[in-house]
Amino acid sequence: MTNSEKNRLKDKAFQVFGIFCTFIGLVVLAIFLIDIVIEGIGRIDWDFLTSLPSRRAARAGILTAWAGTLWILVLSALIAFPLGIAAGIYLEEYAKKTKLSDFLEINIANLAGVPSIIYGLLGLELFVRFMHLGPVLLVGALTLSLLILPIVIVTTREAIKAVPRTIRDGSFALGASKWQTVWNQVLPASFGGILTGVILALSRAVGEAAPLIVIGALAYVPFVPKTPMDEFTVLPIQIFNWTSRPQAAFLTNAAAAIIVLLLITFLLNGIAVYLRHRQQKKIKW
Amino acid sequence: MLHIDEELNRLREKLLEMWDLVDYQLTSGRDAVMNADHELADQIIKLERKVNNYDIKIDRMCENFFALYTPVAVDLRTVLAMLKINTNLERIGDTAEGMAHFVKKLDRPFDPELVELTNMMVMYDQALAMFRECRVALVKDDTKLAKDVIKLDKALNKIYRKSDVIITKYLQANPDRIPEALALLSIIKKLERVGDQVTNMAEEIIFYREAKVVKHKRKKKKKED
Amino acid sequence: MTKKHNKLEATNLDAFYGDFHALKNINVAMEEKAVTAFIGPSGCGKSTFLRTLNRMNDYIDGFRIQGQILLDDRDIYASNVRVDELRKEVGMVFQKPNPFPKTIFENVVYGLRIQGIKDKKVLQEACETSLRQTALWEEVKDKLDKSALALSGGQQQRLCIARALAISPSVILMDEPTSALDPISTAKIEDLIHELKQHYTIIIVTHNMQQAGRVSDHTAFFYMGELVEYAKTKTMFTSPKNERTQNYITGRFG
């Protein structure tokens, strides 16, 4: 066998191996989805979406859970969005290259890697115990905001960085100040990218149970939260709760709730993909 | 208008100004020769300095044009042609000055009989006509006219070729008029040069308009004949 | 001919990026309503110098200058000079056409909007005037509300020039304005420069020697941060005084 034949064979072998690896992931995901859908799809109906939780599996619904999830989603977005973007703009546009800015940058990257349960503990200590807020929606949203803040900051910076230097130069050369340039040029041009990052971060937050359990969110909340200072539950906690019951009917409930949760995350991801696509099509530098 | 065209026009205008100056030299030269007019001859000689200034100025303009505009194709040929036409014009100016010097040596007008025999005035008029036609050809970018100008040169050459014999005969009959006859012969020679130089200029016009080299072609044809 | 006024003048100018000495003792005066070209190999300091003239280097960390730059006899680095005011007076056009991802109209009036001008009529008039000055009006008058990014490269660059003109500066800096353009667009821009110099003082950095020859009245040759030679373009291109200038403009460098 000549050398080139050997190489071609290796090439082929790796291709097959690569396809195999790719499919493992897909197959596992597919099996999981199919299993869940078969188990839970029958359980989803209007009643399931609009009923309060109950000890009897057949009567239990996820109204409080998805309402709580929605509350958390909106509140976290409202908190993390301005904070993250402001921090991102500062670091990218204003901060001079100093030891302090290096230090900040490294630590923001580190924060993105901290396990979510640690954030839960932080939330518990800071908001529940120190600020005496109790295990309410606002605390949950604040905690999850802390969790996604590093991601928002990093994606904001990436999106801002993608705006070419020449656009800023063009604006400065016409007498614009830094803020005018950021507001009129950099932000509009990078907004799609920033929004994409924020949505992806939110879709991660939607799936979190651990930090919320740690701050004391309840599994059983017999009312829909009306203000941010109400107690709450979210879908992942509800799912966690149901899967830990022995009765099979609760497992079906859990499967149905998982489908709803997955739909929410897929929807968020879909929006993010759409925004990114539109951004790429709209602006070619 | 394109910037490069503006510059080319300026160059062309300068060249035409110089052309008119030389035209004046030649035209006055004709009267000066006819009447042995010393005063007019002096004027022609004086003008030479002005013509030389134009020559230097146009040379410099061409040099700048090459350096600043790096011309190609028709632009390149045009400037090359202008440069050469400039040189030829300056020489025609020189020739006119030379004739004026001869005029200054005359103490009376040429013997009309000799003028008649040699056809000198006819030759002078022909040369002037060529010179003026050539200017028209340049202004109008008319290559057909330029080709006609080149053909006119043949008549000049004919007169020139015959002049030796005619003057020899004349001198045998009038040996007391040697200086006068020699001066006339020199003027005829100079007019022949003017014809050649106008021909060169016409050839340059054809070169820059049509990118065709016409000079040195005629000699070849002759060899073939 | 009366001698023209010197619009911009640098005296004993030194510039540094951190420890790097980018410009060394530059002394040069640029004539009003004329085109001055800066030429020289990459990294010779010509762009740095250009960008000191409207203080575009202010945003670069570690950049500092010594010496003076006078605009109409006023030091533009004096502490009482506001950068945004300076840039209203000294416009700039860049190497790559950089229209904002906005409509053509918004691009042209951006500088005015920045100044807080909101009057629709004023903006429209300024837009038309500047687009006419750059011979772009006829080409774009029916699509002012279309994205500027849809224009061709050459049109984009003329739009950027129009954008600079809209805030009525007296000086326009051009940093290799045609290096990203095809020859036809380049010729149009060069023609435009020739037109504009009747009303504006233009300073252009170019890598293209022929361009410097075609468009400029004066040329400055920079090498390794020094101003080697500054003369009338005609003189420099036919009989440069310095050997390094000669080697550079004849392509015999190094």
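All chains are named by letter (A, B, ...) in the order of the sequence lines, taking the proteins before the strands, and each is independently numbered beginning at 1.
The aromatic rings of C:Phe63 and C:Tyr17 sit tilted, their planes meeting at an angle between 30° and 60°.
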Inset, instruction - I would like to know whether C:Asp119 and C:Lys121 meet salt bridge (Lys or Arg N to Asp or Glu O under 4.0 Å); could you show each step before the answer? - result: CA-CA 5 Å; C:Asp119 188 339; C:Lys121 225 175 134 199; over 6 Å; no
Inset, instruction - Evaluate the criterion side chain to side chain contact (heavy atoms under 4.5 Å, CB included) for residue pair C:Glu31 and C:Lys7; output intermediate values, then yes/no. - result: CA-CA 6 Å; C:Glu31 208 173 76; C:Lys7 185 78 186 171; over 6 Å; no
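The side-chain hydrogen bond (donor to acceptor under 3.5 Å, both in side chains) search around C:Thr206 returns C:Gln211, not counting sequence neighbours.
Nearest heavy atoms, A:Leu137 versus A:Thr227: CD1-O, 3.6 Å.
The shortest side-chain heavy-atom distance between C:Lys46 and C:His207 falls under the 4.5 Å cut-off.
Scanning residues 102-117 of chain C against chain A with a 4.5 Å non-hydrogen threshold yields C:Lys102, C:Tyr110, C:Gly111, C:Ile114, sorted by number.
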